[in-house]
Amino acid sequence: MSTSVRPEPKPGVMDIAAYVPGRESAPGAVKVWKLSSNESPLGPSPKALEAISHATDHLALYPDGSATKLRGAIAEAHGLNPANILCSNGSDELLGLLAQTYVRPGDEGIFTEHGFLVYRIQILAAGGKPVVVKETDERADVDAILAAVTPRTRIVFLANPNNPTGTYLPVDEVRRLQAGLPKDVLLVLDAAYAEYVRRNDYEAGIELVSSSDNVVMTRTFSKIHGLAAMRIGWMYAPAHVIDAVNRVRGPFNVNALAIEAGAAAIRDKAHVQKAVEHNEKWLSWLTHELSKLGLRVTPSVGNFLLIHFPENGGKSAEDADVFLGARGYVLRRVVPYGYPNALRLSVGTEEANRGVIAALAEFMES
Ligand SMILES: *Cc1c(COP(=O)(O)O)cnc(C)c1O
């Protein structure tokens, strides 16, 4: 061929570093504990599994494109109007839909220094410009975010609690952020870990969505509900946002098994409570044990911990990752999040938690 004319992706696409999911295997290890993607060690509610098995009788039929049953179950669990709920193929899909709906080429989208990587990807995919704001003490800084707003800002993504730090913004700070934003800037509160938070000054965002026109809250069934493989997310949003995103989304973006599984899972309050209690117990145990090993841990309210390794002495995060991997403990490296010398550890089963601490103790002594 003499010329090299070919279809070219639109500007921004080739600037995206494709998302790399947490590893699930460890070469050479006999047994593997996957502690790299913040999945639930308890797995899904047995009621969700039962609902999935019934749903397989109807696989030839398209699912309900409005996911009415799932929206109804979510609305009931949270005391919301189902008209203000929109479901998605994982909440990651929603983050993309919101960017596609509101960010024009050249517009700016804001997120913070150690914020979730999907925000950058979706802003770039929409043709927008990612604007990264410095954090203070590993926490989103409201004044810094407000200072970064320009006339081109269309969207602000805030994970609360944030992944991978596990830190959170109290409700007063989130309110201050909303109050300081121009009314035409959409504030996306990504509350993927909301159920785990045990703090009186935390709110996932329901009240703020209800009382304003420019806030949405996104949630997921991938974490506390143990249904990451089913891909179920949802948002609570003002009617005008629901209306706009409904035009952009795929008509059957939530599959029939997901609709049934999600509805059964959110009704099983006892299972959710069990997962919350398991996390509360082991998050604090892990935090304590890691500190005893001389490792600094960012205080987390989620179902994971960010572990910082010493800068020198041959005990780097990379060395730890290799050492733990060989013993079957798969953690998450967080280099693209601006943490070259830290690992993120998801709270696991009792066996995994005790095992990973024993392995880390061995590593620190080696
Ligand atoms: C895990 C996670 C999600 C959930 O993604 P799904 O697509 O619903 O599985 C969203 N936001 C953050 C910050 C997360 O860590």
Side-chain angles (χ1 to χ4, degrees), residues 18-22 24 34-41 43-44 48 67 70 74 85-99 109-123 125 135 138-140 155-169 174 187-197 202 204-205 216-236 245 249-250 253-255 258-259 261-262 265-266 275 279 298 300-306 331-334 336-339 344-347:
Y19 187 84
V20 181
E24 50 192 75
K34 187 181 179 221
L35 303 167
S36 57
S37 298
N38 300 344
E39 294 139 326
S40 173
L70 178 55
I74 293 167
I85 294 171
L86 188 146
C87 296
S88 59
N89 186 40
S91 58
D92 281 349
E93 186 196 23
L94 270 176
L95 304 173
L97 287 168
L98 289 164
I110 293 177
F111 54 91
T112 64
E113 196 182 353
H114 304 296
F116 191 38
L117 286 177
V118 171
Y119 309 148
R120 173 192 291 278
I121 293 173
Q122 297 302 349
I123 292 164
E135 298 184 1
E138 303 192 277
R139 209 184 74 165
I155 201 163
V156 176
F157 286 107
L158 179 74
N160 196 27
N162 184 50
N163 167 18
T165 51
T167 57
Y168 75 106
L169 276 193
V174 181
L187 173 59
V188 180
L189 300 174
D190 177 348
Y193 301 96
E195 295 88 348
Y196 293 107
V197 185
Y202 173 80
V216 310
M217 170 190 74
T218 64
R219 302 284 287 260
T220 183
F221 281 74
S222 301
K223 306 288 158 59
I224 194 93
H225 294 293
L227 285 168
M230 292 305 293
R231 314 303 305 125
I232 315 168
W234 58 281
M235 73 168 170
Y236 177 54
V245 175
R249 73 172 173 89
N253 61 330
V254 186
N255 73 71
I259 291 172
I266 204 160
N279 194 68
T298 306
S300 170
V301 296
N303 67 338
F304 55 88
L305 287 161
L306 190 62
L331 278 65
R332 183 65 156 264
R333 290 218 63 194
V334 279
Y337 286 97
Y339 287 113
R344 194 191 66 196
L345 166 69
S346 307
V347 173

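Both counts, for ligands and for their atoms, begin at 1 and track the order of listing.
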Show me the donor-acceptor pairs, under 3.5 Å and distance only, between side chains in residues 157-164 and residues at least two apart or in other chains.
{"from": "Asn160", "atom 1": "OD1", "to": "Leu169", "atom 2": "N", "distance (Å)": "2.7"}
{"from": "Asn160", "atom 1": "ND2", "to": "Leu169", "atom 2": "O", "distance (Å)": "3.1"}
{"from": "Asn162", "atom 1": "ND2", "to": "His114", "atom 2": "O", "distance (Å)": "2.8"}
{"from": "Asn162", "atom 1": "ND2", "to": "Thr165", "atom 2": "OG1", "distance (Å)": "3.0"}
{"from": "Asn163", "atom 1": "OD1", "to": "Arg344", "atom 2": "NH1", "distance (Å)": "2.6"}

Are Leu98 and Thr218 side-chain neighbours, meaning at least one heavy-atom pair lies under 4.5 Å?
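Result yes, sub-4.5 Å side-chain heavy-atom pair found.
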
A side-chain contact here means heavy atoms from C-beta on lying under 4.5 Å apart; do Met230 and Ser222 qualify?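 No, side chains not in contact.
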
Just checking, any donor-acceptor pair under 3.5 angstrom between side chains of Tyr19 and Asp92?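 No pair is found: no donor N or O on one side chain lies under 3.5 Å from an acceptor on the other.
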
Protein residues that have a heavy atom under 4.0 Å from any atom of ligand 1, sorted by chain and number =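 Around ligand 1, where the cutoff is 4.0 Å for heavy atoms, the contacting residues are Gly90, Ser91, Asp92, Phe116, Asn163, Asp190, Ala192, Tyr193, Thr220, Ser222, Lys223, Arg231.
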
Under the salt bridge (Lys or Arg N to Asp or Glu O under 4.0 Å) test, which residues partner Glu135, sequence neighbours left out?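 Result, salt bridge (Lys or Arg N to Asp or Glu O under 4.0 Å) vs Glu135: none returned.
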
- Item | For Glu93, salt bridge (Lys or Arg N to Asp or Glu O under 4.0 Å) partners two or more places apart |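 Here no residue qualifies.
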
